[in-house]
Amino acid sequence: MIRTFDAKSYTDLLVRYQPKPIATGAENDAAIALAYELEHRPARSPEEELFLELLITLIEKFEAENYPIPAGNSASMLRHLMDARNLDKSDLIPFLGTEREVEEILVNRRAIEIDEARKIADFFQVDLSLFLESRSQPI
């Protein structure tokens, strides 16, 4: 049986939970708990699906404003990829030069040059842009 959207049922959900922009951590925690409950409900109605989508949007907005994820840089990306593969500095010498040059890049004392970025992007099989800070010169 195909169930159609029931506006009254959705209105009842809205009246019951009274969703609004989340303003505090406690409100966010309550919204997350409700979203978790709805996500794990075995047979959600179309109205509950729509309400869950609204709730997730409110949670995401609050968290983006209050718990921003700082943008990484090429050095942090390189360290992350190294950690994921259990590599150490010496593994990068063939691509980046000497151990000192590798260390300078890893501690963000010097930027990764374009030719170096190409080599390590190929090695890690990732997009070249992960290793390039904002540049005015063409890639």
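In what follows, residues are counted from 1 in the order of the sequence shown. Not measured: the values here are computed from a predicted model.
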field: Aromatic ring pairing F131/F124, orientation class (parallel under 30°, perpendicular over 60°, tilted between)
entry: tilted
message: With rounding to the nearest 0.5 angstrom, report the CD1 to CD distance, I105 to E113.
response: 8.0 Å
field: R100 atom CZ, neighbour heavy-atom count above 12 within 6.0 Å
entry: no
Result of checking L54, D29, I32 against I59 for side-chain contact (heavy atoms from CB on, under 4.5 Å): I32
field: Taking every non-hydrogen atom, the tightest pair across E27 and T24
entry: N-OG1, 3.0 Å
- prompt: Between I120 and I112, what is the shortest heavy-atom contact and its length?
  reply: CD1-CD1, 3.9 Å
query: What is the distance from atom OG of S76 to atom CG of L130, rounded to the nearest 0.5 Å?
result: 10.0 Å
query: If you measure from CD on E63 to NZ on K61, what distance do you get to the nearest 0.5 Å?
result: 12.5 Å
Check: D88 main-chain N/O paired with D91 side-chain donor or acceptor under 3.5 Å: yes
task: Please tell me if the side chains of V126 and M77 come closer than 4.5 Å, counting only heavy atoms from C-beta onward.
output: no
- prompt: Do R85 and F123 come within less than 4.5 Å of each other through their side chains, counting heavy atoms only?
  reply: yes
message: So which atom in N108 and which in A75 form the shortest heavy-atom distance, rounded to 0.1 Å?
response: OD1-CB, 3.8 Å
query: Do the non-hydrogen side-chain atoms of N66 and N28 ever get within less than 4.5 Å of each other?
result: no
statement: Heavy atoms of P19 and L58 approach each other most closely as CB-CD1, 4.0 Å
Shortest non-hydrogen separation from F5 to Y10 and the atoms involved: CZ-CB, 3.5 Å
message: Please enumerate all residues that pass side-chain contact (heavy atoms from CB on, under 4.5 Å) together with E103, with sequence neighbours excluded.
response: K89, V107
query: Side-chain contact, heavy-atom cut-off 4.5 Å: E60 with I56?
result: yes
- prompt: So, D12 and K8, do they make that salt bridge, N to O below 4.0 Å?
  reply: yes
message: So for atom CD, which belongs to E99, do other residues, nucleotides or ligands contribute more than 12 heavy atoms lying within a distance under 6.0 Å?
response: no
query: Any side-chain heavy atom of L106 sitting closer than 4.5 Å to one from L96?
result: no
message: Can you give me the closest heavy-atom contact between I22 and F62, atom names plus distance?
response: O-CD1, 3.3 Å
- prompt: Checking side-chain contact (heavy atoms from CB on, under 4.5 Å) for the pair L50/L13: CA distance, chi angles, key distance, verdict?
  reply: CA-CA 10 Å; L50 188 59; L13 280 171; over 6 Å; no
- request: Mark yes when over 12 heavy atoms from residues, nucleotides or ligands other than Y67 sit less than 6.0 Å from its OH; otherwise mark no.
  value: yes
task: Spell out, as yes or no, whether a donor-acceptor pair under 3.5 Å connects the side chain of E104 to the backbone of R110.
output: no
statement: Rounded to the nearest 0.5 angstrom, the CZ-CG distance for R44 and L52 is 5.5 Å
query: Is it true that atom CD of E53 has more than 12 heavy atoms of other residues, nucleotides or ligands lying nearer than 6.0 Å?
result: no
message: With rounding to the nearest 0.5 angstrom, report the CD1 to NZ distance, I114 to K119.
response: 13.0 Å
